[in-house]
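Worksheet: one structure, shown below.
Residue numbering restarts at 1 for every chain, and letters A, B, ... go by the order of the sequence lines. Reckoned from all heavy atoms, side chains included, excluding hydrogens, waters and symmetry mates.
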Amino acid sequence: MNKFLFSMILTELEDAVGIENCSTRAIDKLTHSVDYFWLSRLFVDRGEKMPEADFVVSPKDAKEVSKVLKIANYYKIPVTTWGGGGGTQGGAIPVCGGIVLDTKRMNQIFDVNTDSMYIECGAGSIYKHIENAANEKGYATMHYPSSLNCSTVGGFLAHRGIGVVSTKYGKIDDMVLQMEVVLPNGDIIETSPAPKHAAGPDLNQIFIGSEGTLGIITKAQMRIYNQPEERRFRGFLFQDMHNAFLAGKELLQKIKPSVMRLYDETETGSIIKKIVGVEKKGAFMNIAIEGIAEIVAIEEKILLETFAKYGAEDLGSEYGEKWWKEKITFFYPGHALDLPWMFGTMDSIAPFDKIEQIYWAMKNAVESNFPMARFIAHFSHWYEWGAMIYDRFIVEEPPQDPVEALRLHQQIWNCGVRAALENGGVVNDHHGVGIKLGRLMKEQYGPAMQVFEGLKKQLDPNNILNPFKLGL
Amino acid sequence: MHFTEKSRKTIDACRFCWMCRHICPIGNATGMERNTARARALGLSMVARGVEEIGASIANVYECALCGACTKECLTAWDPILFTTEAKLEAAMAGEMPEYIVSMIENIERTGNAYGKTELCTRLSESIASLPTDAETVLFLGKNAMYRTCRQACAAIELLKKAGVSFTVLTDEPSSGWDLFFLAGGAEETRQTMKACAASLNSFKTVVAYDPNDARMFRRQFKEWGIGLNAEVKTFTEFTAELIASGKLTPKKSASVFTFQDPASLARDLEETVPAREILNACGTTLEMLMNGRDTNLAGNLLMAEYMPEAMTKVAVRRWEEAQRIGASILVTANPDDYAALETVKPEGCRLISIEEAVLECL
Ligand SMILES: Cc1cc2nc3c(=O)[nH]c(=O)nc-3n(C[C@H](O)[C@H](O)[C@H](O)COP(=O)(O)OP(=O)(O)OC[C@H]3O[C@@H](n4cnc5c(N)ncnc54)[C@H](O)[C@@H]3O)c2cc1C
Ligand code: SF4
Ligand code: SF4
């Protein structure tokens, strides 16, 4: 872009959001070029710069977002939305330059509504801050991902995020009542005033998971819940994963625990041993039940009876409690995967009749094609009909050259995700698609992809919103 | 850019997990991604790798209040103080210091304080003049209290007088080095200032540091830099709590409900959270904000308010919002930084007092 046109656009953006909220400073461009995507971190680790935006804007509300999008549409400049930058799929990286729209000034908490049990807030609110607001009134959001402290309401909605007590309280897409969204042409819309209705398809669910490609979420009403009177933990050890799945499935037909986590033998013998202290061999499973104390006591009885039927060794409450205390520690240095290793979380989800098959297929595919890679997994979010796999690969000595490393990284991902797809899984469970997995969306959806493409074409004919993400 | 090995390792220790994002008072108030610990680490790591010039990152280094909240939250042993002080010094040597910082340092050279003030307010001058000069205890007010919250400085003097403490305040009180340390990092001038300060305080048995930033310099930086300070250093809150415990001050318990704004340097660097609560519980009852004690959110920084006033106003507004959300009606501070910031944006119907004022009201 020539200097003259650049300056013209800059002044228009400054006019839209205020001079102090529109930046071309090197530090702002740099910090919005690296998210939690392993490849972006690798590039800077190797002293390479990632693609940067030309302008970084921080609008304060939907009206200012609308103005920015109108400018972008007129000049046909890409707009990439950035929440907390905690995404692992490169979704927030401005791969085509243009404008990065940071949502964090839209962080107002408008209402802690205890009559209808929701918080209305700006989509740029850090989830921990809305949890604090709920806690101050004696309630809780029950969305406890490991990134609670860093990611935003809009970011979680855009990637369909999930927290540790999801089995009882649901995924982020179950927790939203209404949203305000700015369409690519600048129109500001609201989704249905109630999330359950028969007034046509669910507008919420069109924008949830759309990763900033169809619209920018600017406000949301997120559910809050009573704090549980009691939360009890119970650790179990299974000698084989098959019985663990049968036990889990049967339990879910009877009661709904909040936490349900099954670790394969490798993870039990490594991270669970290290953080939680379980020394025995087998597959560790942690269950939490919570709510009104009397009901919790009954549910615990049902849990013990059900798991005993499948030969689970009852490890008591100590390990489970330790796990809860340390739940974020799993992501801290020394425990979490980090550079200089190459790693990736290939989470997938499927009904019970396919989930084990997917696990073995992914493990075999990754380990046999890439002998330098280790594969570990746990199953952390459960439904009455199935469960998700949180499986990870680790390469301890990736190539030094960033492009070589990128090539190997992509090959492993293709291999693992294709194994999941071939066996009835999906591209991703809760980290989203971003630029990392876009190409695989078509492989999962086939002709169904035209529904997303049609929406994109109609809503964003100039393709300004987050190009090359989500396979769109 | 020549970071020490330790600094370089600290910068690279940041693994971009953002576990500390929610707690950064500046980032929370401005909503700017650059105002996070990891952004600073990323910027400086690119400088350390020779990809960026220090000039691209230095202004952002000055946007960190060194409040230590991220240090507390982070398990990487991340300590922004270590490399920000090095980065500031390097920027000075490379002639890349922001102009507003240069002019504050020039003020210090010229007037002894970063604000360029040459006169104390009359009340404080008179108050100091009324004290004996030969006491064993010295109340060290600090530049912020002397030039920015003079009413509270007077209240502190009055309180110690009421307790019958034999003390003095130096008419030519030197700087502890806090302002230079904050502005220029580990420069030789900072060391010289600290040395001169130690020399003038060493004739006393006890130093009562009114401003926790000065107490932090005396107790931590002086030690780390091998500058001998023989006098015993007490924080003002610690000293006041002892006066109450020993019966030298006898406040009457009132119906007031106080909410204490823990100063970041007091609660985190000096790990002191109890004495202030003992004091306030002797005068009334206390109601805690969600982020209190070692989790406190900083409400102000007088030096930063000089060069980024709008952002610092937002920081204070946010803290008031937090206080109001729990229904606090009287917010009590124990440092000039927080008091001055909160005072400028005090919401209607709320009360702000310093801890010495709270005690004086109950005597
Ligand atoms: C240490 C760590 C642990 C993690 N643990 C979990 C976990 O337990 N569970 C989990 O689900 N995830 C986890 N994640 C991943 C991450 O927190 C989620 O992917 C989250 O959804 C990203 O939100 P963000 O605000 O950081 O979004 P960003 O990374 O900024 O953006 C993600 C995507 O959403 C889009 N977007 C952001 N805001 C909006 C908006 N307002 N409107 C439209 N589009 C928008 C962006 O364009 C981008 O495509 C973890 C991440 C980290 C760093
Ligand atoms: S400073 Fe620590 S907690 Fe913050 S992002 Fe870096 S590693 Fe994470
Ligand atoms: S020291 Fe305080 S102001 Fe600086 S980055 Fe850490 S939390 Fe933010």
Side-chain angles (χ1 to χ4, degrees), chain A residues 20-21 23 25-36 40-41 44-49 56 58 60 82-86 100 102-107 109 112 122 124 126-129 131-133 135-137 146-152 328-329 331-339, chain B residues 12-24 27-36 38-53 55-61 63 70 73-78 289-291 295 297 308 310-311 314 318 321-322 324-327:
Chain A
E20 66 286 9
N21 302 310
S23 171
R25 280 168 67 177
I27 187 74
D28 290 316
K29 295 198 286 188
L30 174 69
T31 51
H32 287 93
S33 70
V34 185
D35 65 357
Y36 203 50
S40 68
R41 295 201 47 218
V44 294
D45 183 66
R46 302 289 195 263
E48 299 271 348
K49 287 189 100 176
V56 178
S58 302
K60 74 166 189 302
W82 178 287
V100 158
D102 190 313
T103 61
K104 285 190 294 294
R105 278 186 72 232
M106 296 189 279
N107 64 352
I109 292 172
V112 181
I126 305 297
Y127 225 95
K128 176 70 176 178
H129 292 157
E131 170 70 7
N132 286 349
N135 293 168
E136 279 166 355
K137 294 223 162 150
S146 307
S147 48
L148 180 72
N149 290 358
C150 74
S151 285
T152 59
I328 289 191
T329 309
F331 285 85
Y332 272 120
H335 303 301
L337 304 178
D338 198 11
L339 286 166
Chain B
D12 281 342
C14 175
R15 47 180 291 276
F16 288 53
C17 70
W18 283 281
M19 293 293 184
C20 59
R21 179 202 290 290
H22 65 300
I23 197 139
C24 177
N28 285 339
T30 64
M32 295 297 162
E33 186 65 39
R34 68 170 183 273
N35 293 147
T36 59
R38 87 100 206 183
R40 226 157 265 123
L42 173 59
L44 292 176
S45 78
M46 294 310 258
V47 175
R49 283 170 170 72
V51 180
E52 293 271 10
E53 293 296 321
S57 255
I58 194 66
N60 193 40
V61 168
E63 289 175 9
C70 56
E73 210 67 8
C74 177
L75 294 192
T76 64
W78 158 276
M289 284 187 270
L290 192 69
M291 305 308 282
D295 288 327
N297 276 339
M308 42 190 282
E310 289 93 10
K314 287 181 195 159
R318 223 181 135 85
E321 284 167 2
E322 286 168 5
Q324 284 182 301
R325 278 214 301 271
I326 54 123

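Residue B:Ile326 touches chain A through its side chain alone, counting heavy-atom pairs closer than 4.5 Å. Contacts between B:Glu321 and chain A at a heavy-atom distance below 4.5 Å are absent for every atom of the residue. Neither the backbone nor the side chain of B:Asp12 has a heavy atom closer than 4.5 Å to any heavy atom of chain A. Interface remark: B:Met289 contributes no atoms to any contact with chain A (heavy atom separation under 4.5 Å). The contact between B:Thr30 and chain A is made entirely by backbone atoms, counting heavy-atom distances below 4.5 Å. Within the 4.5 angstrom heavy-atom criterion, atoms from both the backbone and the side chain of B:Arg21 approach chain A. Proximity to chain A is limited to the side chain of B:Arg38, based on heavy atoms less than 4.5 angstrom apart. Both the backbone and the side chain of A:Asn132 come within contact range of chain B, judged by heavy atoms closer than 4.5 Å. If you measure heavy-atom distances from A:Ile126 to chain B, the contacts under 4.5 Å come from the side chain alone.
Interface remark: of the candidates A:Ser23, A:Ser151, A:Gly85, A:Ala26, A:Gly85 forms the most heavy-atom pairs closer than 4.5 Å to chain B. Considering only heavy-atom pairs separated by less than 4.5 Å from chain B, the leading option among A:Gly86, A:Gly84, A:Ser58 is A:Gly84. Taking B:Gly50, B:Ala39, B:Ser57 one by one and counting their heavy-atom pairs under 4.5 Å with chain A, the maximum is reached by B:Ala39. The most heavy-atom pairs under 4.5 Å with chain B, out of A:Asp35, A:Thr103, A:Thr31, come from A:Thr31. Among A:Ile109, A:Leu30, A:Asn21, the residue with the largest count of heavy-atom pairs under 4.5 Å with chain B is A:Leu30.
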Give the C-alpha distance, both sets of side-chain angles, the deciding distance and a yes or no for side-chain contact (heavy atoms from CB on, under 4.5 Å) between B:Glu322 and B:Leu290.
CA-CA 8 Å; B:Glu322 286 168 5; B:Leu290 192 69; over 6 Å; no

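Taking all atoms of both residues into account, the shortest heavy-atom contact from A:Lys104 to B:Gly31 is CB-O, 3.4 Å.
Side-chain contact annotation: A:Asp102 with A:His32, donor-acceptor N/O pair under 3.5 Å present.
Open room surrounds CD on B:Glu53; 12 or fewer heavy atoms of other groups in view lie less than 6.0 Å from it. Crowding of A:Lys49 atom NZ: a count of heavy atoms from other residues, nucleotides or ligands under 6.0 Å exceeding 12.
Remark: side-chain polar atoms of A:Ser147 are not paired, donor with acceptor, to backbone N or O of A:Cys150 under 3.5 angstrom. With hydrogens and angles ignored, the 3.5 Å screen pairs a side-chain donor or acceptor of A:His129 with a backbone N or O of B:His22.
The salt bridge (charged side-chain N to carboxylate O under 4.0 Å, His left out) search around A:Glu131 returns none, not counting sequence neighbours. With sequence neighbours left out, B:Arg34 forms a salt bridge (charged side-chain N to carboxylate O under 4.0 Å, His left out) with A:Asp28, B:Glu63.
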